[in-house]
Number of protein chains: 2
Amino acid sequence: MKIAEVSERYHISIDTLRYYERIGLLPHVNRGENGIRDYNELDIRRVDFIKCMRGAGLSLEVLIEYMGLVQQGDATIETRKEILMEQRNLVAERLKEMQKTLDLLDHKIQVYENAILTKEKLMAQTKE
Amino acid sequence: MKIAEVSERYHISIDTLRYYERIGLLPHVNRGENGIRDYNELDIRRVDFIKCMRGAGLSLEVLIEYMGLVQQGDATIETRKEILMEQRNLVAERLKEMQKTLDLLDHKIQVYENAILTKEKLMAQTKE
DNA sequence: CCTTGACCTGGAGTCACCTCCAGGTGATAC
DNA sequence: GTATCACCTGGAGGTGACTCCAGGTCAAGG
């Protein structure tokens with residue numbers, strides 16, 4: 001799968017995909033003999049994972065560390081689990097905060113809605 | 001309430017509070033005659049709101065626009081409601097994504113946990 | 001009086017994360 | 001055979017959101 005396709009499918013710009021590779025987040029993607037990237041199953045799964053984690057706010061720094069450990073094999077499983085647990089907790093916290101904010105937003109929208117209705121009623125009365 | 005107290009209470013640095021004022025996010029805070037900021041009830045509520053919204057990922061740009069409309073009074077209620085609804089939907093989307101990511105993280109952690117247990121069992125067997 | 005400390009200002013610097021660009025290669029289409 | 005096109009590279013540029021700094025004011029304490 002070539003880079004443009006991956007870019008399209010995951011809504012990550014081509015530049016960003018190349019950038020991720022440069023900073024060592026994505027291990028070097030296989031190339032055709034012309035030097036053109038050709039993403040395989042594994043590469044794609046990695047992109048998917050990164051996209052997902054970035055969406056939840058994990059930093060590139062943490063992801064680079066994690067991906068590096070994955071490359072190093074079984075000996076790093078404990079560390080990787082630690083990292084994921086730590087990040088999981090951060091995500092869970094953010095989630096709770098966002099839920100509260102969402103509720104607040106809904107409340108405020110409701111208040112505005114009422115204000116608008118009241119305003120309209122007043123206008124109608126003025127017309128009578 | 002002076003700036004250091006506000007900073008402490010909301011975990012926003014003093015520099016950031018001043019910065020928010022400079023860019024027009026926070027309307028000018030009242031000052032004592034010595035020129036020192038003295039946050040009143042309303043100022044504090046605004047800081048609280050901003051903190052909350054920033055936590056959910058709303059951009060400074062949107063918040064500046066919204067706060068500006070609030071300053072302009074009742075005529076802008078409809079617009080403000082529109083803005084909040086738009087942002088509410090963005091937050092709701094992010095929330096859903098994060099929930100999915102959280103589930104994925106929990107799953108991966110579980111997989112690692114199992115891998116670790118298996119590894120330990122193998123070690124024990126080797127000892128026998 | 002002088003120092004300390006909390007505040008003030010405008011402007012510059014930093015950080016994370018991209019995004020763009022100039023210049024180059026190699027395959028396909030006319 | 002040359003033009004177009006999708007890709008390549010390394011490096012520079014940009015953006016959002018702070019964060020720091022030098023230099024200054026003022027009040028209170030020793």
Side-chain angles (χ1 to χ4, degrees), chain A residues 1-40 43-44 46-47 49-68 87 90-91 94 97 101, chain B residues 1-40 43-44 46-47 49-68 87 90-91 94 97 101:
Chain A
M1 198 169 188
K2 56 190 181 152
I3 197 166
E5 245 175 302
V6 178
S7 167
E8 182 117 340
R9 180 184 302 183
Y10 290 105
H11 309 106
I12 301 178
S13 93
I14 290 180
D15 270 315
T16 301
L17 284 168
R18 292 202 273 243
Y19 167 71
Y20 283 171
E21 212 175 318
R22 259 202 280 182
I23 61 172
L25 174 51
L26 224 50
H28 288 291
V29 171
N30 293 328
R31 311 298 185 95
E33 52 180 37
N34 40 17
I36 291 182
R37 289 175 180 78
D38 182 20
Y39 291 72
N40 63 24
D43 294 323
I44 303 248
R46 289 202 265 239
V47 170
F49 178 71
I50 290 166
K51 166 81 180 175
C52 184
M53 294 302 138
R54 288 286 302 135
L58 273 70
S59 73
L60 291 185
E61 196 187 0
V62 165
L63 290 175
I64 290 169
E65 190 192 353
Y66 178 79
M67 295 306 248
Q87 296 303 312
L90 288 177
V91 172
R94 251 176 262 147
E97 243 196 83
T101 304
Chain B
M1 200 170 187
K2 59 192 178 151
I3 197 166
E5 245 175 302
V6 178
S7 167
E8 181 115 342
R9 177 181 307 180
Y10 291 104
H11 308 107
I12 301 178
S13 93
I14 290 179
D15 270 315
T16 301
L17 284 168
R18 291 202 274 242
Y19 167 70
Y20 283 171
E21 213 175 315
R22 259 202 279 182
I23 62 173
L25 174 50
L26 223 53
H28 288 291
V29 171
N30 292 328
R31 312 298 185 93
E33 54 180 41
N34 39 18
I36 290 181
R37 288 174 182 79
D38 183 20
Y39 291 73
N40 63 25
D43 295 323
I44 304 248
R46 288 201 265 239
V47 170
F49 176 71
I50 291 166
K51 166 83 179 173
C52 185
M53 294 303 137
R54 287 288 303 134
L58 273 69
S59 73
L60 291 186
E61 196 187 1
V62 166
L63 290 176
I64 290 169
E65 191 192 353
Y66 179 80
M67 294 306 246
Q87 296 303 311
L90 289 176
V91 172
R94 250 175 261 148
E97 243 197 81
T101 304

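Throughout, protein chains are lettered first and strands after them, A, B, ... in sequence-line order, and every chain is numbered starting at 1.
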Engineer: Tell me: CE of B:Met1 to C1' of C:dA6, nearest whole Å?
Structural biologist: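 About 16 Å, once rounded to whole Å.
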Engineer: Look at B:Arg18 and C:dC8 and indicate whether a side-chain polar atom (N or O) is within less than 4.0 Å of OP1 or OP2.
Structural biologist: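 Yes, within the criterion.
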Engineer: If you compare every side-chain N and O of B:Arg31 against the phosphate oxygens of C:dT9 (OP1, OP2), does one of them come in below 4.0 Å?
Structural biologist: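 So the side-chain polar atoms of B:Arg31 do come within 4.0 Å of the phosphate oxygens OP1 or OP2 of C:dT9, strictly under.
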Engineer: Given that A:Ile36 and A:Arg22 both sit by DNA chain D, which one's nearest nucleotide is further toward the 5' end?
Structural biologist: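 It is A:Ile36, whose closest nucleotide lies nearer the 5' terminus.
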Engineer: How close or far is atom C1' of D:dC20 from atom CG of B:Leu17, stated in whole angstroms?
Structural biologist: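 Answer to the nearest Å: 16 Å.
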Engineer: Tell me whether the side-chain N/O atoms of B:Thr16 come closer than 4.0 Å to OP1 or OP2 in D:dT19.
Structural biologist: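 Checking D:dT19 against B:Thr16, a side-chain N or O does come within under 4.0 Å of OP1 or OP2.
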Engineer: Find the distance A:Glu61:CD to C:dC18:C1' and express it as a whole number of Å.
Structural biologist: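 Atom-to-atom, A:Glu61 to C:dC18, this comes out as 16 Å.
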Engineer: Remember a base hit wins even if backbone is also touched, and classify A:Ile3 as base, sugar-phosphate or nothing at under 4.0 Å, heavy atoms.
Structural biologist: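 Contact class for A:Ile3: sugar-phosphate only.
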Engineer: Kindly say if B:Arg37 contacts the phosphate of C:dA6, meaning a side-chain N or O under 4.0 Å from OP1 or OP2.
Structural biologist: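 Checking B:Arg37 against C:dA6: no side-chain N or O falls below 4.0 Å of OP1 or OP2.
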Engineer: Going by heavy atoms in the side chains, are B:Leu26 and B:Val47 under 4.5 Å from each other?
Structural biologist: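 Heavy-atom side-chain distance check passes, below 4.5 Å.
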Engineer: Whole-Å distance between C:dT25 P and A:Glu33 CD?
Structural biologist: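 After rounding, the reported distance stands at 17 Å.
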Engineer: Rounded to the Å, how far apart are A:Ile14 CD1 and D:dC5 C1'?
Structural biologist: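 Between C1' of D:dC5 and CD1 of A:Ile14: 12 Å.
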Engineer: Classify B:Asn34 by what it touches in the nucleic acid, base, sugar-phosphate, or nothing, heavy-atom distance under 4.0 Å.
Structural biologist: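 If one applies the 4.0 Å heavy-atom cut-off, B:Asn34 turns out to touch nothing in the nucleic acid.
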Engineer: Taking atom CZ of B:Arg9 as the centre, report whether more than 12 heavy atoms of other residues, nucleotides or ligands fall under 6.0 Å from it.
Structural biologist: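 Counting other residues, nucleotides and ligands, CZ of B:Arg9 stays at 12 neighbours or fewer.
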Engineer: Using heavy-atom distances to pick each residue's nearest nucleotide on DNA chain C, tell me which of A:Ser13 and B:Asp38 is more 5'.
Structural biologist: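 That would be B:Asp38.
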Engineer: Would you kindly give the CD-to-C1' distance between A:Glu21 and D:dG10, to the nearest whole Å?
Structural biologist: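 Atom CD in A:Glu21 sits about 14 Å away from atom C1' in D:dG10.
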Engineer: Could you check how far CG of B:Leu63 sits from P of D:dA17, rounded to whole Å?
Structural biologist: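 One finds 9 Å between P of D:dA17 and CG of B:Leu63, rounded.
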Engineer: A side-chain contact here means heavy atoms from C-beta on lying under 4.5 Å apart; do A:Val6 and A:Ile12 qualify?
Structural biologist: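 Of all side-chain heavy-atom pairs linking A:Ile12 with A:Val6, none is under 4.5 Å.
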Engineer: Taking the side chain as every heavy atom from C-beta outward, state whether A:Asp43 and A:Met1 have any pair of such atoms under 4.5 Å apart.
Structural biologist: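 Heavy-atom side-chain distance check fails, nothing below 4.5 Å.
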Engineer: Checking B:Asp38 side chain against B:Arg31 main chain: does a donor-acceptor pair fall under 3.5 Å?
Structural biologist: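 No, the answer is negative, given that no donor and acceptor are paired below the 3.5 Å cut-off.
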Engineer: Under 4.0 Å from OP1 or OP2 of C:dC18: is there any side-chain N or O of A:Arg54 that close?
Structural biologist: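 Indeed, a polar side-chain atom of A:Arg54 lies that close.
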Engineer: Under 4.0 Å between a side-chain N or O of A:Ser59 and OP1 or OP2 of C:dC17?
Structural biologist: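 Indeed not, no polar side-chain atom of A:Ser59 lies that close.
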Engineer: Is there a side-chain polar atom (N or O) of B:Tyr20 under 4.0 Å from OP1 or OP2 of D:dC18?
Structural biologist: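 It does, given that an N or O in the side chain of B:Tyr20 lies less than 4.0 Å from OP1 or OP2 of D:dC18.
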Engineer: Rounded to whole angstroms, how far apart are OH on A:Tyr19 and P on D:dT9?
Structural biologist: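 After rounding, the gap between these two atoms is 16 Å.
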